[in-house]
Structure formats: structure tokens, C-alpha cells
Amino acid sequence: MPRDNNDTRVFKVVGTRPPRPDGIDKVTGRAMYGADVTAPGMLSAQILRSPHAHARIVAIDTAAAAALPGVKAIVTAADFMAQDDAGLDDILVNCMARDVVLYDGHAVAAVAATTPAIARAALKLIDVTYEALPHVTDVDAAMRPDAPVVQAGRANESVPAGMSPNVTHHCEFGHGDVDAGFAAADVIVERSFTTAATHQGYIEPHACLATFTGEDKADLWCCTQGQYNVRTVCAALMGMEASQLRVTASEIGGGFGGKTTVFIEPVALALSRKAGRPVKIVMSRDEVFRATGPTVSSSIDVRIGMTRDGRITAGEAVLRYSGGAFPCGTVDMGAQSAFAAYDMPAVRTLGWNALTNRPKEAAYRAPGAPMAIYAVESVVDELCQTLALDPLDVRLKNAARKGTLSSYGPTFDDIGLVATLEAAKAHPHYHAPLGPGQGRGLSAGFWFNFGGNTCVSLNINTDGTVGVTEGNPDIGGSRAAISQMAAEELGLPYEKIRTIVADTASLGHNDVTDGSRVTFAVGLATIKAAQDAVAKMCARAAAIWGIDPDAVEWVDGAAQPCGPNAGKFPPMSLAEIAAVSFQTGGPIAGHHEFNADGAGVSFGVHLVDVEVDRETGATKVLRYTVFQDAGKAVHPSYVEGQMQGGAVQGIGWALNEEYIYGEDGRLQNPGFLDYRIPVASDLPNIDTVILEIPNPGHPYGVRGVGETPIVPPLAALSNAVSRAIGLRLNRLPMSPPRILAALSGS
Amino acid sequence: MKTIQVSTTINGDATEFLCGPDESLLDVLRNRLGLTGVKEGCGTGDCGACSVTLDGRLVCSCLVLGAEAEGAQIGTVEGLAQGDRLHPLQQSFIDHAALQCGICTPGILVAAKALLDRNPDPTDTELRYWLAGNLCRCTGYDKIIHAVQAAARTMRETADAQG
Amino acid sequence: MLAAEPGVTRILTGGTDVMVQMRAGLAAPALVVDVKHLTGLRAITPEAGGYRIGAAVPGAVMGEHAGLRALWPGVVEGVELIGSTQVQGRATMAGNLCNGSPAADAVPGLVAADAVVRIMGVDGARDCPVIDIPAGPGRTTLAKGDIVTSIFLPARPARSGDAYLRFTPRSEMDIAVVSAAVSLTLGADGAVTAARVALGAVAPTVLLVDEAAQAIIGTRLDDAALAALAAACSAACRPIDDKRGTVAFRTQVAGVLARRAASIARDRAHSAGDAA
């Protein structure tokens, strides 16, 4: 659906800042999250988890636990059917270890009992005999030929012979003659970088309530970013028909990609089927860190050539990612996005994924991109310093723009990178003086944005109000944005629309809330559904007036004859048409179902000032400004919220957040005390500048905005710290001991 | 284990409950009294989602035994609004887009109210340190700080008008 | 009651450590005794020019006590660094001491202050210098049945000051990676006449570093004296590498923090002298 003529369109609702429909429930404590529901006769379940990074399960004896009064069901891998599909089987094995535990925290058994205390006591009575196996948690170590083997036989056809069995996947992207490009460079910088695995850090632990109402019929309530995906996966794992499993998404207490898959839901279903009673599972924070889906760790080599005047002649990157103990394709997105901000004559990126004894990776906000772009933007910054060039000028000189052949294949249409860089350059932040010990860093960032399968129903109520039914859990204010777009298209006030997120029985399939797709794709489907309803309302009016439906147009929330030749009738408002709908053919509803295409890519630029204490290695963030192209900001406050929240997650990643493993391969910091997400007193205000370069693929010009903001902070912070201390850093997080060690020359 | 009978006051209402000797106040509020606006994010006092007031002091209810509520005054997010009239902090959080997923919001509202009850005109720095025990992963805190300051202004103006 | 219980026991004041241990299954006490309501345990009482702090006084209450803040600002700032605002409403100085962590924020300040712990045991009450309580990570010299009932912070001469600094990666909500407390008294000429320097998180217990104190006694805390203080502190460190920091980091930063704390303590001593 092509963009309307945005230059002349005056929006009435889109671009305003109405209150979110879920606001009152959330500020009063009434909103229902994953752990907030109960059911009559409900059991509580607890999961027994591996204390080993890698071990063979020799035996599991559950007899003593089963004999404990109050215990109603116990499940192990023996209670699940292996799946033919390798991807599904990986999900299943991740939910319940089969024969081998692959990481610290891997589930081995689960107990449902009448109280949580009894379930906990029962876990202590389960006797698991393990035979410890050698383990590996570091991606570079895992790729060595003599590394401990996490899983054998998992490499796909892309992997050449002779590599460690841990290497599962290889990819390559690029264009042009890279060797010729480097030959044309005046300066070439080549550096290696590492980033630690980090966690999404949503504050709500995973929770679900499963209720079997018959052998093959069940309801599942859970906090998820995609109830349809939960249904598809769980129905397969349970051997059920999809129609017999109804999944309802709770309000979601943060996801950031981490709630796009299942961890506890199949376990709760299996326990409920066995016990014949509802079963609730609520993860502890320790379980969230040890046994959900952190992002990949990475090890990346980048080589970039530049002419003396700042023109990039060639770029090359080799990316080694590990998504834990199962095959993982996230490195593809890193290899595609690494150089996306640049218009380059020659570029090549190579990606590798290796297995490690760590939890199975899940998506985390722009999965794969932050670490790749961190490495590239660090080298670009070093080149600017070496050549004494302004870092924004160099990025402008090489910026991707409309017509650029992107580093990953497609040719860009209208994109906002140049406008974003120019906005940063014109901003007072870029010209503010710095004090001693302070440094300023910047980085560009990029995300593809997704479209995907989407289904929306829009019901015209007889009192002139409208209900929008969509299928994507709201993690950033999307119900407000969708209501705004429905109101805009129908010509109604925002308050007349109520948007709800449906369960899987009430609407057709919707892809997961991911890829920054919802405001774009669900918004687009809503606009189309509204247009469908408008056409039907015009037809009703035409019938009442006795004129041709084609002779009726929709203006400002009402049907009217289009032009004097169509007849002379006063406009009929939506409310008037709705009020008589039962007499004119029955209820009126609009629908749209499609696989959305045309999600415009999104670019951002972040500017940050830091001060480093050279005696302790502590970094203080002094000032932060985010510039980002939103295409069209439907609800500017919620767009700003995405920009600010993503920036702060990136700040945490850059400075302190990391999965720390001991020699024993066990996670040492599975809690909010030692997994240090930023607290309020760590931060300044996060200033935002929204740019609006319309996406040609959306009638209002909307682009997804949620993921791009986490991409630039890693390099922006690293470049700022490097400039503040006069030393280049190449490892994240830049925790104080690492900065102090760098300053001490060790 | 023997259960303990506890008489307490929650959001102004006299309340009695039975709890285990090792049961946290958080579990009592959520599981026995249906006050699920009090959220559990960590269970170790590191996230603040379970913040309540105990005799006027801000505490993490996960670090308090249910039995310690005997004779005490407990305040939770459910007690902030007066009927259908939102507390200025609640209204300000909606108006200033200070919540996204909303899971940290009840704890932050209770914590912010505890500060404004003591200090009606905090600096941003005082506010940021006071709220350091309340983790938010969605907002980056910026809009929360602005919303609390806007509510504080409203509350000061109301107090002036009444004073 | 505590002495008679054959199983594991825990004394609950603020509960901010005990509750976490119980939840994590690290402790499964057969008996938990809540001592908050015992007479005097929640009071701050003036005594002999100093203050006796009841064992159940939470950090927030200490922070709100103007007289205590004025006399021992370094002790109070150590206590106030324990956890969040929420934790401050519960956590106590005595509990922080009895938990036995080498990184306890309250303890270096207490050691530098030469505070005295009053213990009620099976055989009656006794007093003990605070430095003698910690025995190692998670261990103290207290016997089963002992209850710390109060901690006494003594009077101090004119021109005295103390300060506590810790290093944490975040500005709040963190455990000290390394910490330092300095308490000192200045003569009329501005030279240090007495000093005590304590370090946290650099050894199995909080260290009292006499060499560091000697490095500044008799000096006006000029750069050379501060450098000697820092060097003595670093030399005394016996830290470990762990998830929170390295041996090299702790050793280096211990000296930096001691130096900075000494400067703050000196400034406070001057103000205290001016005020007197």
C-alpha cells in the first residue's frame, strides 16, 4: 500500500499524544500480568534445574518426591514426544533436558503440588545422577578444533569441513572488490572486539497458568510477545490440534524480544494434563537469568580502509557469535547490518555461529546488530581520530541514502540517515564544550524493521463507537497508536475507539510482537480494515439514499455524496449509519489479513558525553541525545519512550551488564544485584530528537522505532570513553576494572 | 509449620490474615489478600517492584515477613487513588508517558509518594537517588523523573491553594 | 530460647539479609527471632558524649538523626549506603555487622570509629570492640545465643572527622567492590594527632590498617602523606579476584579511596573545629 501524499495531508489524531488505554489499569495495580491470575484447584509448579554446565543425566529418581503428600504430578523429558522438526525439538529440549544438560540452569524435572512450598520441598527429593562432561562458554574457545563438544552433528551445509563440531552456521554478505578497495585506501585500521552476553532484563519474570479441560483441550494464560507462536509451538509439542489450545496473552511486564519463545509453557501444560488440574508456573529471577534467552556473545574483527579526506574505500568484518547450546542464526543479522549505514564500493562480512554451554539465545531488541555496529563504528571513530576528521562529517560523507546499494543486498529507498546526521550536527549538544577528563562519542545505528503476518478486525458498534481487535501484545503503547490510526482513518475522536489484544481463538494468526513491526504492520492492517468498514458504510448510505455506492465518499467521519451530480443528501455520520445498521443489512465490520511488506528501515544517531575517573575507572554519563527517524511518529511520547529506553539498555550493555561465568561454567551473577542494569541515579535525562522521513511503504509514512535505539549506545559510549582516556577500548562491558587495567597498561 | 494470625491495617482497612512463619509480606499481599498490584520482580530486594509502606516507611515487601505486619499500617498501590479519583502521581504518570509495560509502575508510585510526603520539592538528583531501588527497564527513567516532578508541582500548588 | 534451639537460628532485625538467605535456600532456620520489639533496641540514646544505637535501628532513622550525623558522619554515610531507600527503611547497622560480609558498608566506619558492641549472651551482657566481631566471610565471633543489643559510638575530641567511601560500578544498589573509612583528629596546628583507617572488601574481614594511620599522624595531610597513606593501604590488601572486581583493581582503588576519605575527614574535622 503506497504512501499517501503526506506532504499535504494534515493529520488530526496521528501525531498527538492521547493517554494510553491501559494507563489507568497500570497505575492502579489492576492490570493483570502473567503471575496475577489464579484458577480453582490450581497447583503450583517448580522446576528442578541443572547445577552443571554440561553433564550426562545418568538417572532421575522421582519416587520420593512423588510420595510427598501434596505432590500431584511430576514430569521429565520422558513425558514429552521428540519432534521431527529440528527447530521445534530444540525448543522442547531447551524446556526440558533430554539425556544431557547443556547449561547451568537447564530444566531436568518439574513438580506440581498443592502449594509452592510443597513443590519446592519435592524438588529436593528428586535424585538426579549426573556424569559431568567438559564444558565451554566462550565463543572463541568453542571454535577451536579441540574444544569440548556441546552438541555434535548440528552444523548445516554452510559450514566447511574441518571445523569444530560446535560451529553450526556460516554466512557471507557484501559486494564489490574488497582487495581493490583496500589498495585504494590511505589508512587501514583493523581491530578485534568482544561483547559479553547480556539479558533483556524485563522486570516481570515469565509466568503462565495452564488448564487442561479434557485430554486434548486446554487454555493457557501467559506473558508472551506472541500468543499465536505459543499456540503453534505448544500444540506441536503437546500433540494437540491448534484449535484446541486457546492461548491468552496477559499484560506483559517487558519483553524486548525475550518473550518471543517458550520456556515454561509446555511444562505447565504437561503437568496440567497429568494432574488434571490447573497448573501455574512463575519463574524466580534466578531462573530468568539462568534459563531464559539472553542475547549472543560476540567476537568480531573489523577492517576498514579510508582515504585521507575521509572516504571509505572498503570494509570487511568477521563475526563470531554464540547463541548458547543450540544452533542460532542471529549472526546473519549482525553480518547484514554491520555496514548498513555506509555507501561503500566494496564490503564483505562473514558470520559464524558456535555452540557453547550457555542458555539458548532469544531475541533481544535488534538481535545481532548492536555488537556488529559497535565494532564497525569503533573503527570508523578511530579512523576519524587518526586522520583528524570530524566524525559526523565522515559519516555524512559516506552515508547510505536513497539509491545506495546496501551492504546486505537491497537498494535503499527513502531513508533518514543523512537527515539524522545533519540534525545531530546542528544540535547544541554537538558543540557544547567538554571539561577535563570528559569525552564525547557518537555512533550511527540501524535496524531492518519487520512486517509480517497480521490480522485485524474492526467492529462498528451501533452506538457509533469502534472496537479494534488485534493480536499483538502491547509492549510499548501500540494499543494507543492503533486506536489513533483507526480514529484518523475513520474520522472519529480517539476516545471513540477501543483496541484490544485478542486470544488465539478470537482472531486469525498474527506474528510475534517483534522486529518493531506492530505499529507499522498492525497499524497498516488497521487502516485497511478501517477502509474496508468505510466502504461498507458508504454502501449502506448509498442504499439509503438510493444512489450508486461509487457516488459516496467518506469525509470527516461521515458518508456524503461525492459531488453535486451524485445527489443532494446531508452527510450521514458513522454513528448515524451504525444506528440503523440492523435495518440496512446487519452489523458492520472491517477486516484485513495480510503478510505485510514495505517496513521501512530505521536509522538513528546517538551523542553521549562521559567523564572517566582515571583513578577508579568509573564512567559517568553526563549528557545523552538520541536522534532517530520515525517515518511518522504516531504517538510522539511513546516514540520518545522507545528511544530513551533503548538508549539506556545500550548504556547498561556498554558499561556494566554481562553474563559472568566461573571456571565451572556456572553463571555467577543470576540476579539484579550483580547483573547491573542501570538505576535512576546512574543517568542523566535522555534527550530526543524525532525526525520524520516518511516510509514509502506505509500510507502515513510510519516506520518501526523500537529496536534501532539499542544499537548506537555501545559504540557511542566506547568512543566517548576512548576519547576521554586517550586509549582505544575494544571489549564490552567497559566495567571499571577493565578501564583501570587499560589505563594501567596491563 | 504453624500458621500465625496477624491483625493489621492495609490501605486504611483493618485486615486479618493467617500466614506461615517464613512467608513474606509480598506473598501474603498477593496470594492471600488478592493485592496483585504489588509485583514481584526479584524477591531479593533488588528491584523495588514490591514496594509498600510499613508504618510510613518505604520497604520491599519481599524482605518483610507477613508476621511483621502485626499492628502495622501497610500502604500499597491499591490505596493511592481515592475511589475513581487518581492520585496526582498516577495521573501524571499517564499524562507524561512515564510507564510502558507498567510492571514497575506500582512500586515506583508508592516510592515516589513516600518521597513527596517527606520532601514536596525534591531536586532531580534527590529523586533519582531515592528511586534508585526501583528498576525500570522500559523508560530509561527520563519520563518518570519528569512525571514525578510535574506531580510534585501539582501537589504543591494544591497544598498552597488549601493552605 | 536461641541457645536452647538445637537447629539453625537467625535473629531478625531488618531482615534484608535473612529473608534473602531463606528464599535462596542458603539458610533454613528452625528458629527466627524478631528482636525489634525488645526494649531499647530501636532507640538512639545519648551516652557519655556519644550515642548508643539500638540493634534494631534502621539506617533511615540513623540518617534522620542530626546529632549522630554531626558527630559520626562517616559512620552514618556507611550505613546509608546499604541498599536502596526501601532497604534503608529496614536494614540495621548491627545486622550488617552480624551478617559477616567483608564488603559490609557499615563496618569500616565502625572500625575506624573504634565502636563498641554490646552483646547479651547466655551469661549476661558484655562489651566488645567492633573489630573483634568479624571472623571471615559470613562468620562472626559471636556465640550461639548471643544477641547484639546495641553499638556504642563514643564521644570525640574537637577537630575530629570521619568519612567512608566505597567503590561500586553503579551509583546505587550495589555491593562495595572495595571501601575505605578514615577517622582522624587534628591538633590546633592542623596536624593529625590521631587516626584510624579501615578497609573493606580487600580481605576475609574488614582490615584496620595501622601503617596507614601512622603514615598520616603528625602530618597536615599534604600530598606526600596522602600518597604514603594510599601506599600503606594498598600494601595491606589481601583481596581476591571475583565477579565484582580483580585483585589489581581492589588493591589500587583501596589506596585511592582511603586518600579521598582522609581528605573529606580532614575537611569535616576543620568544620567541626570551627563549629566548636
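Keep in mind that what you see is a predicted model, and the values were worked out from it rather than measured. Each chain gets a letter, A, B and so on, in the order the sequences are listed, and its residues count up from 1.
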Would a line drawn from the ring center of A:Tyr202 to the ring center of A:Phe256 be shorter than 6.0 Å?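 That pair fails the under 6.0 Å test.
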
Partner chain C: residue of [options] with the largest heavy-atom pair count (under 4.5 Å):
| options | answer |
| --- | --- |
| A:Leu683, A:Thr619, A:Val679 | A:Val679 |
| A:Arg120, A:Gln668, A:Arg676 | A:Arg676 |
| A:Ile677, A:Asn669, A:Leu655, A:Asp286 | A:Ile677 |

C:Arg260 and A:Glu615 ion-paired at < 4.0 Å: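 Yes, this pair counts.
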
May I ask you to decide whether A:Arg666 forms a salt bridge with A:Asp664, counting only side-chain N to carboxylate O separations under 4.0 Å?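 Looking at A:Arg666 and A:Asp664, the cut-off is not met.
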
Contact class of [X] relative to chain C, heavy atoms under 4.5 angstrom:
| X | value |
| --- | --- |
| A:Leu673 | both |
| A:Asp682 | both |
| A:Ser284 | both |
| A:Ser735 | neither |

I'd like to verify something: which residue of [options] has the highest number of heavy-atom pairs under 4.5 Å with chain A?
| options | result |
| --- | --- |
| C:Gln252, C:Arg250, C:Arg23 | C:Gln252 |
| C:Met173, C:Glu172, C:Arg244 | C:Arg244 |
| C:Thr246, C:Val253, C:Asp174, C:Thr168 | C:Asp174 |

Can you find a side-chain donor-acceptor pair between A:His135 and A:Thr356 that sits under 3.5 Å?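 No pair is found: no donor N or O on one side chain lies under 3.5 Å from an acceptor on the other.
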
More than 12 non-hydrogen atoms from neighbouring residues, nucleotides or ligands closer than 6.0 Å to CG on C:Asp222, yes or no?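 Yes, because the 6.0 Å sphere around CG of C:Asp222 holds more than 12 heavy atoms from other groups.
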
Can you label the angle between the A:His199 ring and the A:Tyr659 ring as parallel, tilted or perpendicular, going by 30° and 60°?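 Geometry flag for A:Tyr659 against A:His199: parallel rings.
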
Spacing of A:Ser297 atom OG and A:Asp138 atom CG [to the nearest 0.5 Å]: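 One gets 7.0 Å once the value is rounded to the nearest 0.5 Å.
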
